[in-house]
Amino acid sequence: MNRYLITSAIPYINGIKHLGNLVGSQLPADLFARYQRARGAEVMFICATDEHGTPAELAATKAGKPVAEYCADMWQVQKDLSDRFRLSFDHFGRSSSKRNHALTQHLAGKLADNGLIEEVVEKQVYSKADGRFLPDRYIEGTCPNCGYENARGDQCEECTKQLDPTDLINPRSAVSGSTDLEVRETRHLYLRQSALRDKLNAWIDSKNDWPVLTTSIAKKWLNDGDGLRDRGITRDLDWGVPVRRGDQDWPGFESKVFYVWFDAPIEYIAATAEWADSNGLSENDWERWWRTEKGAENVRYVQFMGKDNVPFHTLSFPATIMGSGEDWKLVDYIKSFNYLNYDGGQFSTSQGRGVFMDQALDILPSDYWRWWLLSHAPENSDSEFTWENFQQSVNKDLADVLGNFASRVTKFCRAKFGEVVPEGGTYGTDEERLIADLTTRIRAYEAHMDAIDIRKAAGELRAIWVAGNEYLQSAAPWAVFKEDPAKAAAIIRLSLNLIHLYAILSAPFIPDASATLLAAMGSEKEEWPAHVRPALETLAPGQTFTVPDVLFAKISDEDRESWQSRFSGIRD
RNA sequence: GGGCCUGUAGCUCAGUUGGUUAGAGCAGAGCGCUCAUAACGCUUUGGUCGUAGGUUCGAGUCCUACCGGGCCUACCA
C-alpha cells in the first residue's frame, strides 16, 4: 500500500488566519490527503500551531493573558476553525508540547555531538522598559538613508535599504515606544548550516521535479554571497523550548530558549508522536512514519507551504535532520505557493485586511471557499481574490454545473419514476460516448492530483461535471420518456449513478456537498472509480434515494455587494 | 542594489523538447431545449502572445535590451 506523510506549514499562534494563509498550505495539503486516502493510500496528515517567538509573547501581553494560557486558547480557536473548514488532520498538535520540547532538545544535543553547534557571543538591543531583548524589526527610528521616521531596525520600508538597528537615528522600542535602549552582549547557539552546504546543495540538485519556486529560493540561499550562512537557533525569551543538550543542562544557556524556527519544523515529528500518544499507540506506530530504519523508507513525505517558508524547509530543517546523524525521514516533495492577494492589495494579518477564516464561515459554508480557493490556488504566480470573481465562479461551477445537475436528475426521476432508481432499458451510443469521455477525464484528473497540479485538477473535475449536463442534453430523457419509458429509465439510472460518481470524485474539494449527495443517493459505497462502467452501476434498480435540498445556493448580487463593503476596510 | 517569478481574448488562466489557421472557462451575441437552482446544450464575436531587436527554414516558446506587475534578500514567523 502507498504511504503518504503529509504536513502543512504550521500556522502561527498569534491570531486567526486569513484565506491567503489557508490556501497557501493547509487547504491544498488537505486536498491531497483526502485524495490519497480516497485512492486507498495510508495517510498521516499532520499540522499544529507554531507557538513560540516574540510575536506570541507580545500578542499574549496585548490580550492580557499569560502566554501559556493565550496559546492554549488560540490553539483551540484555530483547531475549531480547522474542523469547520474540514481540514482532515490526523493530528493538530502544538509546538509547545512536551514531545516537541524533548525532541528539540534531543536533536540539538545530537547536532552538538556532531560538531554542528557553535557558541557565538553577539550584540543585541535590549529594552529596559520592556525588560526584553528586541528583534531588529521591533526597533523603530529614523532612517539614516532617507529620513523616514518609522523605519524598522532590519530594513527601511520607505527606501528599502537594509539596516542594522544601531544605524537608526533616535531608535525606540516598537513595543512600548521607549527610547531607553542599550546594546548588550548575549551568548547564542548557532547551527553550522554552512558545514552542510555541499550536502544540501547536492540534495536540492537531485530534486528536479520540485516546483521552480521551491528550488530557486533554496538555490538563492545556498549560493548568495558567501553561501549558506550559519543561523542562530537560540533566543533570550521566556516562552519556548528551554535550551538543553538532550536531557542534560547546557551550561551558560539556562535562561534561554530555542529559536522558534528551530523547534517549529521539529513539531512535524513531535506532533506525530502526540498523535500516537493521544490514540494510545506505541512508539513504533509513529516512528514508522519518520524513522527510515523503522519503515519510513517506503513513505512518500510531501510538505505544503507558502513561499515565505521555503528556506526553512529546504535548508534549515534538512540541516537539522541530516546533521543529527540519525535516520530521520527527509522530505520527498515540497509544494510551495505564491500569495493570494485581496482586491488589489495584500491580505494582512497585522492590518486586518481581507477575509479571515472565522468571517468566511460566518457568511458561507466551507465548500464554497474550498472550491474557489483551490481552483484559484496561487501555484505559478500571486493570484487575486475579488468578490465578483468569487461570486461568478461559485455560482457557475457549484450551483449551475454541479448542483443543478443533481437537482434536475433527481427531480425528473421523482416525477416520472418516483424516488427509486428505475429499472429497464439499455445503453446506446450516448452512454458509450459518455463512458469513454469520463474514463479519459478521470484518468487526467488523477494525473493532475497525483502531480499536485491543483488548478488543473479543479478544471478537469469541472469538465467531468459538465460532461453530465452534455450527456443529459443529448440523451434528453424528458423527450424519450414519451415514446420509450424504458430507455428513459436507463438514462436516469445512469444519471443517478453519475451523481454518486461525482460525489466520490469531488469529495477532496468539497467534502460536505459530497457527503450530502452520497446520503441523498442512499449509498455507503465510496470506492474510487477504477473503471467507469462498473462505477456507474453502483446504484442498482430499486434502490431508493431522496431529492437533496439545493446543494449550493447562489450568491446574489445583494449579498456580494454587502460583503464587498463589509470587508472593504480593516477588521477591528 | 542583487536574485527569482510574471506580462497570451474584456476577466481568470492553458500553451508540452521552438513546428500547420494560438486554446479553455467566464463575460458578450445568436440558436436550441424545457427535466432543472431563469438552470443546461450548441454555435459564435474577441488576441500582430508587454515593447524593440536577434538566432532560426520556422519563435507565444530560445537570446539580448527595455517597460510594467509581484516576491525574496537570512533577527517577523
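Below, chains carry the letters A, B, ... as their sequence lines are ordered, and counting in each starts from 1. Everything quoted here is computed from the prediction, not taken from an experiment.
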Please tell me if [X] has a side-chain N or O lying less than 4.0 Å from either OP1 or OP2 of [N].
| X | N | value |
| --- | --- | --- |
| A:Arg462 | B:rC26 | yes |
| A:Lys456 | B:rG15 | yes |
| A:Tyr471 | B:rC40 | no |
| A:Arg137 | B:rA77 | no |

Look at all strands and tell whether [X] reaches a base, only sugar-phosphate, or nothing, counting heavy atoms closer than 4.0 Å.
| X | result |
| --- | --- |
| A:Lys554 | base |
| A:Thr54 | sugar-phosphate |
| A:Asn338 | nothing |
| A:Lys416 | nothing |
| A:Lys220 | base |
| A:Pro311 | nothing |
| A:Leu551 | base |
| A:Gly403 | base |
| A:Tyr339 | sugar-phosphate |
| A:Val466 | sugar-phosphate |
| A:Val550 | base |
| A:Phe552 | base |
| A:Gly468 | nothing |

Taking atom [atom2] of [N] as reference, at what distance in whole Å does atom [atom1] of [X] sit?
| X | N | atom1 | atom2 | answer |
| --- | --- | --- | --- | --- |
| A:Ile10 | B:rA77 | CD1 | C1' | 10 Å |
| A:Asp136 | B:rA77 | CG | C1' | 14 Å |
| A:Gln346 | B:rG69 | CD | P | 15 Å |
| A:Asp164 | B:rU73 | CG | C1' | 16 Å |
| A:Arg132 | B:rC75 | CZ | P | 18 Å |
| A:Leu398 | B:rU37 | CG | C1' | 12 Å |
| A:Asn309 | B:rC72 | CG | C1' | 13 Å |
| A:Glu57 | B:rC76 | CD | P | 15 Å |

Side chain of A:Glu379, backbone of A:Arg455: donor and acceptor closer than 3.5 Å? yes

Taking A:Ser336 for the side chain and A:Leu213 for the main chain, is one N or O donor matched with an acceptor at less than 3.5 Å? no

Selection from [options] that lies nearest to any side-chain heavy atom of [X]:
| X | options | answer |
| --- | --- | --- |
| A:Gln473 | B:rA77, B:rC40, B:rA74 | B:rC40 |
| A:Trp478 | B:rC76, B:rC33, B:rG70 | B:rC33 |
| A:Asn380 | B:rA14, B:rC75, B:rA77 | B:rA14 |
| A:Tyr12 | B:rC76, B:rC40, B:rA77 | B:rA77 |
| A:Glu470 | B:rA74, B:rC35, B:rC42 | B:rC42 |
| A:Phe412 | B:rC35, B:rC13, B:rC76 | B:rC35 |

Taking the inter-plane angle between the rings of [X] and [Y] on a 0 to 90° scale, is it parallel (under 30°), tilted (30 to 60°) or perpendicular (over 60°)?
| X | Y | value |
| --- | --- | --- |
| A:His376 | A:Trp372 | parallel |
| A:Phe417 | A:Phe412 | perpendicular |
| A:Phe347 | A:His18 | parallel |

May I ask which nucleotide in the shown strands pairs with [N], Watson-Crick or G-U wobble, both distances under 3.5 Å?
| N | result |
| --- | --- |
| B:rG60 | none |
| B:rG1 | B:rU73 |
| B:rG28 | B:rU44 |
| B:rU21 | none |

Side-chain donor/acceptor contact of [X] with base of [N] under 3.5 Å:
| X | N | result |
| --- | --- | --- |
| A:Asn404 | B:rA36 | yes |
| A:Glu122 | B:rC75 | yes |
| A:Arg408 | B:rA39 | no |

Rounded C1' spacing from B:rC49 to B:rG3 in Å: 26 Å

Under 3.5 Å, is there a donor-acceptor pair between the A:Lys256 and A:Thr186 side chains?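 The answer is yes; a qualifying pair exists.
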
Does any donor atom in the side chain of A:Ser556 or A:Asp559 lie under 3.5 Å from an acceptor atom in the other side chain?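 Side-chain D/A pair, A:Ser556 to A:Asp559: present.
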
Answer yes or no: is there an ion pair linking A:Glu431 with A:Lys487, defined by an N-O contact shorter than 4.0 Å? yes

5'-most by nearest nucleotide on RNA chain B - A:Leu472 or A:Arg455: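 Closer to the 5' end of RNA chain B: A:Arg455.
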
Pick the closest RNA chain B nucleotide for A:Lys411 and for A:Tyr259 by heavy atoms, then say which residue is nearer the 5' end.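 In this pair, the answer is A:Lys411.
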
Hey, could you give me the CZ/NE2 distance between A:Phe133 and A:His188, rounded to the nearest 0.5 Å?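 The CZ atom of A:Phe133 sits 6.5 Å away from the NE2 atom of A:His188.
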
